[in-house]
Amino acid sequence: VQNLADRRILAAFVSMSEVGLYSVGYTFGTAVKFALSAFEPAWQPFVYAQMSKPEGRQTLARLVTYVLSGFIFCALGVAVLGREVVRLMTAPAFHAAAPVVPVVALAYLLHGVFLLASIGIGISKKARYYPIVTLASAGTNVAGNLLLIPRFGILGAAWATVASYVVMAGLGLLISQRLHPIPFELGRLARVVAPAVVVYAVSLLSPEAFVPAVAAKCALLLAFPVLVVATGALTAAER
């Protein structure tokens, strides 16, 4: 339901050509998932290895900051360069799929937030909460699609996906923190998120021409870690 309901519902409200556009944009947006899939197999064993250590909670909190910062950078790269990648890798008929890419990238970034924020559920051996979270997320997806697609078309479907992952990440964090609180470094994470928002916002002003746009956007992506350091997100030792 979480991954396929949007196409089914889209087909009831828009043409098949628009469903095709959405599928293309969605596929490029899910590039963020490569980072999640590469990290996930190592994450749970590491979490369980920290459980018995006195400083385990602090270690997990610090690592969440590092990993989520990496996920943010990956999602930012997909979102910023999405239009150019679609133009480069598809026929002109599919270029209208580009606006879907950054929205789906945001959705899968939120999936990464869930992966990191819900570790207390596994540590507490309360796996029964996972299907509850998944069901709430899937229900939000269906309701969001039915509400947004008639008004906003394929972008409505993309934002319904974001809403569903907001619910997943939020519930995962809430339940996890009640079961096994982790002192997440929210202040530091905010100082990573803020530069990412600025970089993406500025990237929307990039030129339409392909080469100047790629040059400008690559420069912005390179500026992101500089901005993160400028916000004071790193300690002296980390710098």
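Given the structure is predicted, the values throughout are model-derived calculations rather than measurements. Because only heavy atoms are used, hydrogens play no part in the values below, and waters and symmetry mates are left out as well, while side chains stay in.
- With a 4.5 Å cut-off on side-chain heavy atoms, His111 and Leu36 count as touching.
- The cationic atom of Arg178 (NZ for Lys, CZ for Arg) does not lie both less than 6.0 Å from the six-membered ring centre of Tyr129 and within 45° of the ring axis.
- Taking 4.5 Å as the limit, every side-chain heavy atom of Arg191 sits out of range of all side-chain heavy atoms of Val228.
- When the side chains of ILVMFWY residues are joined at heavy-atom separations under 4.5 Å, either directly or via intervening members, Val193 and Val229 end up in two distinct hydrophobic clusters.
- Aromatic rings from Phe71 and Phe39 are positioned such that their centres are separated by under 6.0 Å.
- Remark: the backbone N or O of Pro181 is paired with a side-chain donor or acceptor of Arg57 at under 3.5 angstrom.
- Looking at Thr161, its side chain does come within 3.5 Å of a backbone N or O of Ala157 through a donor-acceptor pair.
- At a threshold of 4.0 Å, the pair Arg62-Glu238 counts as salt-bridged, since one of the basic side-chain nitrogens sits closer than that to a carboxylate oxygen.
- When atom types are taken as modelled, the side chain of Ser137 and the backbone of Thr134 share no donor-acceptor pair closer than 3.5 angstrom.
- Interatomic distance, CD1 of Ile119 versus CG of Leu63, reported as 9.0 Å (0.5 Å rounding).
- Across all non-hydrogen atoms, the minimal contact from Gly153 to Val14 is CA-CG1, 4.4 Å.
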Apply side chain to side chain contact (heavy atoms under 4.5 Å, CB included) to residues Leu76 and Val199 and explain how you reach the verdict.
CA-CA 8 Å; Leu76 183 64; Val199 167; 3.9 Å; yes

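- Contact annotation: the side chain of Pro99 approaches that of Leu155 to within less than 4.5 Å [non-hydrogen atoms, C-beta and beyond].
- Across Ile121 and Ser176, no two heavy atoms sit closer than the pair N-OG, 3.8 Å.
- The aromatic rings of Trp43 and Phe46 lie parallel to each other, their planes meeting at an angle below 30°, with 60° marking the opposite boundary.
- With a 4.5 Å cut-off on side-chain heavy atoms, Leu173 and Gln177 count as touching.
- Nearest heavy-atom pair across Ser69 and Thr65 is OG-O, 2.7 Å.
- Hydrophobic clustering of Ile, Leu, Val, Met, Phe, Trp and Tyr side chains at less than 4.5 Å, counting indirect connections, keeps Leu174 apart from Leu68.
- Considering every non-hydrogen atom in both Tyr108 and Val32, the closest pair reads CB-CB, 4.1 Å.
- Proximity of a side-chain donor or acceptor of Lys217 to a complementary backbone N or O of Val80 within less than 3.5 Å is detected.
- Interatomic distance, CD1 of Ile175 versus OG of Ser124, reported as 11.0 Å (0.5 Å rounding).
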Would you check, one step at a time, whether the test side chain to side chain contact (heavy atoms under 4.5 Å, CB included) holds for Thr140 with Val166?
CA-CA 9 Å; Thr140 301; Val166 167; over 6 Å; no

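- The distance from atom CG of Leu4 to atom CD1 of Ile9, rounded to the nearest 0.5 Å, is 11.0 Å.
- Placement of Leu222 and Val226 in two distinct hydrophobic clusters is found when ILVMFWY residues are connected by side-chain heavy-atom separations under 4.5 Å, directly or transitively.
- Both Val103 and Leu204 are members of a single hydrophobic cluster when ILVMFWY side chains are connected at heavy-atom separations under 4.5 Å.
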Stepwise side chain to side chain contact (heavy atoms under 4.5 Å, CB included) check, Arg7 with Tyr26:
CA-CA 10 Å; Arg7 276 80 156 184; Tyr26 193 101; 3.3 Å; yes

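- Interatomic distance, CG of Leu115 versus CE of Met168, reported as 11.0 Å (0.5 Å rounding).
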Check step by step if side chain to side chain contact (heavy atoms under 4.5 Å, CB included) holds for Leu147 and Trp159.
CA-CA 11 Å; Leu147 180 65; Trp159 281 109; over 6 Å; no

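- Of all the heavy atoms in Phe13 and Pro150, the pair that sits closest is CE2-CG, 3.6 Å.
- The number of heavy atoms from other shown groups lying within 6.0 Å of CZ (Phe34) does not exceed 12.
- Atom-to-atom distance recorded for Met16:CE and Leu10:CG is 9.5 Å, nearest 0.5 angstrom.
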Please step through salt bridge (charged side-chain N to carboxylate O under 4.0 Å, His left out) for the pair Glu208 and Arg83, ending with a clear verdict.
CA-CA 10 Å; Glu208 285 293 327; Arg83 183 185 70 183; 3.3 Å; yes

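- A side-chain donor-acceptor contact under 3.5 Å links Arg239 to the backbone of Leu234.
- Contact check for Val167 versus Asn141: no side-chain heavy atoms found under the 4.5 Å cut-off.
- Note that the CG atom of Leu135 and the CD1 atom of Ile132 stand 8.5 Å from one another [nearest 0.5 Å].
- Between Phe210 and Glu84 the shortest heavy-atom distance is CE1-O, 3.4 Å.
- Residues Thr231 and Pro195 have side chains in contact (heavy-atom distance under 4.5 Å, counting atoms from C-beta outward).
- A distance of 6.0 Å or more separates the ring centres of Phe114 and Tyr165.
- Leu205 and Phe224 end up in different hydrophobic clusters when Ile, Leu, Val, Met, Phe, Trp and Tyr side chains are linked at under 4.5 Å.
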